[in-house]
Amino acid sequence: RVMVESIGKALKVYDAKDFFSFINKSRRVRSDLDLFFGLGEECWDNNIVVRKWEDIPLVHEFRGICIDGQLTGICQYAQDIYFEELLDVDHPGALSVPILEKILSFWKEEKLSEKIIFETCCVDF
């Protein structure tokens with residue numbers, strides 16, 4: 001858990017020079033660019049979004065699975081780490097009801113099902 005949290009903190013950049021250095025060295029960015037350039041100009045509709053870094057505890061990061069605009073599953077973002085505090089004591093292996101309710105409430109309040117343009121995708125919370 002400590003190692004994964006440390007890696008997350010290492011991704012934080014402090015100025016534009018660090019940002020562009022990080023982007024230029026990223027294999028993930030390179031593979032995404034190679035994919036999109038290979039698809040042709042008509043598929044090229046990407047943006048780089050820069051925002052203030054927010055330190056979010058790893059235990060509070062979740063991933064939702066969406067099929068046909070509906071949220072069909074929720075899991076812990078860091079799937080390799082066991083977070084006992086997230087479990088529902090009455091239902092072993094299930095996500096805590098208050099956490100689940102917060103995620104579902106956010107999904108409904110933000111009308112995310114109306115904003116998803118893909119048939120199948122993941123949404124990070």
Side-chain angles (χ1 to χ4, degrees):
R1 184 173 177 169
V2 172
M3 184 182 80
V4 174
E5 289 172 344
S6 297
I7 290 169
K9 289 178 183 174
L11 295 174
K12 184 176 179 178
V13 295
Y14 297 90
D15 57 36
K17 180 182 173 188
D18 286 345
F19 170 77
F20 285 108
S21 175
F22 182 74
I23 292 296
N24 285 329
K25 293 176 185 174
S26 169
R27 282 189 229 155
R28 169 86 182 264
V29 170
R30 172 106 29 232
S31 69
D32 286 352
L33 290 175
D34 289 345
L35 171 69
F36 284 111
F37 283 132
L39 292 175
E41 192 173 315
E42 65 277 0
C43 294
W44 185 254
D45 185 22
N46 288 288
N47 298 293
I48 294 177
V49 177
V50 180
R51 63 178 178 80
K52 180 184 173 192
W53 181 274
E54 297 289 338
D55 284 318
I56 301 171
L58 196 56
V59 69
H60 295 152
E61 293 189 57
F62 299 92
R63 173 158 284 169
I65 311 301
C66 303
I67 300 173
D68 295 328
Q70 299 301 311
L71 186 60
T72 59
I74 300 170
C75 63
Q76 177 62 34
Y77 185 82
Q79 73 276 6
D80 297 335
I81 302 173
Y82 179 73
F83 295 97
E84 188 173 347
E85 61 268 37
L86 294 177
L87 298 180
D88 184 336
V89 294
D90 296 325
H91 301 92
L95 189 60
S96 160
V97 172
I99 293 171
L100 185 58
E101 287 174 346
K102 284 181 183 180
I103 293 170
L104 294 175
S105 174
F106 178 79
W107 176 267
K108 289 175 186 170
E109 289 171 13
E110 295 298 320
K111 299 179 181 174
L112 295 179
S113 62
E114 298 172 18
K115 298 175 183 177
I116 293 176
I117 61 172
F118 300 103
E119 191 174 305
T120 304
C121 67
C122 293
V123 177
D124 292 341
F125 296 97

Undergrad: Do the side chains of Tyr77 and Cys122 get nearer than 4.5 Å, heavy atoms only?
TA: no

Undergrad: Any non-hydrogen side-chain atom of Val13 less than 4.5 Å from a side-chain atom of Trp53?
TA: no

Undergrad: Is any side-chain heavy atom of Phe22 closer than 4.5 Å to a side-chain heavy atom of Val29?
TA: no

Undergrad: Tell me if a side-chain donor or acceptor on Gln76 pairs with a main-chain N or O of Glu61 at a distance below 3.5 Å.
TA: yes

Undergrad: Give, for atom NE2 of His60 and atom CD1 of Ile99, the distance between the pair rounded to the nearest 0.5 Å.
TA: 6.5 Å

Undergrad: Say you draw a straight line from OG of Ser96 to CG of Asp90; how long is it, rounded to the nearest 0.5 Å?
TA: 10.0 Å

Undergrad: Look at the side-chain heavy atoms of Ile, Leu, Val, Met, Phe, Trp and Tyr, link any pair under 4.5 Å apart, and say whether Phe62 and Ile81 land in one connected group.
TA: yes

Undergrad: What residue pairs, at least two apart or across chains, pass salt bridge (Lys or Arg N to Asp or Glu O under 4.0 Å) with a residue in residues 93-111?
TA: none

Undergrad: Taking C-beta and beyond as the side chain, do Leu71 and Leu104 meet within less than 4.5 Å on heavy atoms?
TA: yes

Undergrad: Does Glu84 CD have over 12 foreign heavy atoms under 6.0 Å away?
TA: no

Undergrad: Treat each ILVMFWY residue as a node, draw an edge where side-chain heavy atoms are under 4.5 Å apart, and state whether Val97 and Phe106 are in one component.
TA: no

Undergrad: Decide, yes or no, whether a salt bridge links Asp34 with Arg30 under the criterion of side-chain N to carboxylate O below 4.0 Å.
TA: no

Undergrad: Do Phe118 and Ile67 belong to the same hydrophobic cluster, where Ile, Leu, Val, Met, Phe, Trp and Tyr are linked whenever their side-chain heavy atoms lie under 4.5 Å apart, directly or via other members?
TA: no

Undergrad: Where is the tightest heavy-atom contact between Gly69 and Ser113, given as atom of each residue plus distance?
TA: O-CB, 2.9 Å

Undergrad: Has Phe20 got more than 12 heavy atoms of other residues, nucleotides or ligands less than 6.0 Å from its CZ?
TA: no

Undergrad: Arg63: what forms a salt bridge (charged side-chain N to carboxylate O under 4.0 Å, His left out) with it, not counting sequence neighbours?
TA: Asp124

Undergrad: Are the side chain of Asp68 and the backbone N or O of Gln70 linked by a donor-acceptor pair below 3.5 Å?
TA: no

Undergrad: For residues Trp107 and Ile74, determine if any side-chain heavy atom of one lies less than 4.5 Å from a side-chain heavy atom of the other.
TA: no

Undergrad: Around Lys25, counting heavy atoms of other residues, nucleotides and ligands shown, do more than 12 lie under 6.0 Å from its NZ?
TA: no

